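Written below as structure tokens is the structure these notes are about.
The structure presented is a predicted model; accordingly, all values stated were derived computationally and were not measured. Here is the naming used below: chain letters follow the sequence lines, and residue numbers restart at 1 for every chain.
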Amino acid sequence: MPELPEVQTVVSELAVLIVGKEITEIEEYYPNTLRIRCETEAYCSLVTEVSRRGKYILIHLANNHYIIVHLRMTGKLIYAETEGDLLKHERARIYFTDGTYLRFDDVRTFGTIDCLPEADLAQYFFKLGVEPLSEDFNYKYIKENIAKITSPIKSYLLDQNRIAGLGNIYVCEVLYRTGIHPLTKANEVKPKQLKLLVTEIKAVLAEAIECNGTTISDYRRVDDKTGSFQNFLQVYGKDYCPEGHELGKVKIGGRSTYFCPICQK
DNA sequence: AAGGCAGCCTGTAAGC
DNA sequence: TGCTTACAGGCTGCCT
């Protein structure tokens, strides 16, 4: 399931492949994959840049429009140079003038492709929280942001409207690294732990990006290669923590949460 | 208003 | 063996 590091990996690789190409057509093979919010011809423009906001992929076009892709859990963008049959779960294609194209493959069909003018961008991301790797995300921010939150710290960290980009896997890892129990009420996390939390969130994300992300079941890079951060996971999907303690597993907000009852208080 | 959770969807794996 | 059930989970929208 792609989280910030996986999306960043896709974005970096995508930029090399499609910046400078001109889109000719977007085809949809599964209903409601495309959510065009502009003139349908508007996406027929030159790709100038590929960037990321939270878990969203932004394809910038020369005509001041954006194609915004969200992979959700099982979405994949696969670059192809020669015409081929549809994959079993191919939901859409983005074609370029040179005949190359991007396949949007998504087993669970939750992924989406939006197209909108730049003027609508601010509204589109209006509610989205701070970028965790930016300077805006710091101790002062989290201290004020978290002050009135009584839900579990795990739920807080997963809330994209507060911090944009963390998913279930990295939240579990970060809480283990900082020794915070996932059920701790967010506003009861001690200042010292909160400072550590900021540091470790940035560290885990940076390390995972270095590894080209975590490959758990569905995620693949644009070239179908896998990331390697799963080799460094300490609790997610494990039975024991690195200290040898048996891990606990609880549902928080409907999500499986792995934690160490001894290391995390 | 904030928080909790069903629903969306399909493949895989476990259970009977 | 074959059927049923649980699980995976990001995000939206509904309900309290």
Side-chain angles (χ1 to χ4, degrees), chain A residues 1-11 28-35 37 52-58 68-77 86-92 104-114 116 123-132 142 144-175 182-189 205 208 213-220 226-227 229-230 233 235-239 247-259:
Chain A
M1 54 269 8
E3 304 178 27
L4 189 153
E6 292 75 40
V7 175
Q8 183 59 52
T9 301
V10 171
V11 162
E28 178 188 64
Y29 313 115
Y30 187 88
N32 303 319
T33 303
L34 297 184
R35 304 183 301 183
R37 303 171 186 194
R52 180 191 59 72
R53 176 79 174 91
K55 299 174 192 169
Y56 295 82
I57 298 165
L58 281 72
I68 301 177
V69 181
H70 200 304
L71 303 173
R72 286 302 209 285
M73 281 91 68
T74 57
K76 296 189 256 288
L77 286 172
L86 286 184
L87 303 173
K88 187 175 178 186
H89 302 293
E90 199 165 341
R91 309 303 180 191
F104 185 55
D105 193 61
D106 183 15
V107 172
R108 270 170 267 185
T109 72
F110 294 167
T112 53
I113 301 177
D114 288 317
L116 52 131
Q123 174 65 27
Y124 188 89
F125 290 121
F126 176 63
K127 286 167 62 180
L128 202 61
V130 68
E131 281 293 325
I142 199 170
E144 291 170 6
N145 195 249
I146 213 168
K148 293 179 181 173
I149 309 294
T150 56
S151 55
I153 184 68
K154 165 89 192 294
S155 302
Y156 169 81
L157 295 174
L158 275 177
D159 187 347
Q160 302 300 299
N161 297 326
R162 300 194 175 275
I163 303 170
L166 294 175
N168 202 37
I169 296 175
Y170 293 107
V171 166
C172 288
E173 293 301 314
V174 160
L175 288 175
L183 285 169
T184 310
K185 286 186 178 180
N187 61 359
E188 291 179 1
V189 175
L205 293 177
T214 302
T215 303
I216 297 274
S217 67
D218 294 302
Y219 165 73
R220 291 293 185 282
T226 57
F229 193 72
Q230 66 274 15
L233 296 178
V235 289
Y236 186 85
K238 308 280 184 191
D239 294 324
L247 293 177
K249 190 181 174 188
V250 290
K251 289 257 181 195
I252 303 177
R255 307 279 173 272
S256 295
T257 307
Y258 296 84
F259 70 101

Side-chain donor or acceptor of [X] paired with backbone N/O of [Y] under 3.5 Å:
X: A:Thr74; Y: A:Arg108; result: yes
X: A:Gln160; Y: A:Leu158; result: yes
X: A:Lys55; Y: A:Leu166; result: yes

Measure from the side chain of [X], starting at C-beta and using heavy atoms only, and say which of [options] lies closest.
X: A:Arg108; options: B:dT10, B:dG4, C:dC11; answer: B:dT10
X: A:Val107; options: C:dA8, B:dT10, B:dG4; answer: B:dT10
X: A:Leu158; options: C:dG10, C:dC11, B:dG3; answer: C:dG10
X: A:Pro152; options: B:dC9, B:dG11, B:dG4; answer: B:dG4
X: A:Gln160; options: C:dC11, B:dT10, C:dC7; answer: C:dC11
X: A:Tyr30; options: C:dA8, C:dT12, B:dC9; answer: B:dC9
X: A:Ser256; options: C:dG10, B:dC9, C:dA8; answer: C:dA8

d([atom1], [X]; [atom2], [N]) in whole Å:
X: A:Lys251; N: C:dC7; atom1: NZ; atom2: P; answer: 6 Å
X: A:Asp159; N: C:dC11; atom1: CG; atom2: P; answer: 10 Å
X: A:Glu3; N: C:dG10; atom1: CD; atom2: P; answer: 6 Å
X: A:Met73; N: C:dT12; atom1: CE; atom2: P; answer: 13 Å
X: A:Ile149; N: B:dA1; atom1: CD1; atom2: C1'; answer: 11 Å
X: A:His70; N: C:dC11; atom1: NE2; atom2: P; answer: 4 Å
X: A:Asn187; N: B:dA1; atom1: CG; atom2: P; answer: 19 Å
X: A:Tyr258; N: C:dA8; atom1: OH; atom2: C1'; answer: 9 Å

Notebook entry, point to check: NA contact type, A:Lys127, heavy-atom cut-off 4.0 Å: base, sugar-phosphate, or nothing?
Noted result: nothing
Next item on the list: For A:Thr150, report the nucleic acid contact type (base, sugar-phosphate, nothing); a contact means any heavy atom under 4.0 Å.
Entry: sugar-phosphate
Next item on the list: For residues A:Gly54 and A:Leu4, report the shortest heavy-atom separation together with the two atoms involved.
Entry: O-CG, 4.4 Å
Item checked: A:Arg91 versus A:Asp106, closest heavy-atom pair with distance -> NE-O, 2.7 Å
Notebook entry, point to check: By centroid distance (under 5.5 Å) and plane angle (under 30°), are A:Phe110 and B:dC8 in a stacked arrangement?
Noted result: yes
Margin query: By nearest heavy atom, map A:Gly254 and A:Tyr56 onto DNA chain C; which one lands nearer the 5' end?
Written below: A:Gly254
Between [X] and [N], does any side-chain N or O lie under 4.0 Å from OP1 or OP2?
X: A:Lys88; N: B:dT10; value: no
X: A:His89; N: B:dG11; value: yes
X: A:Lys249; N: C:dC7; value: no

Checklist line | Note: A:Glu131-A:Arg53 ion pair, threshold 4.0 Å (strictly below) | finding: yes
Item checked: Along DNA chain B (nearest heavy atom to each residue), the more 5'-positioned of A:Arg255 and A:Ser155 -> A:Ser155
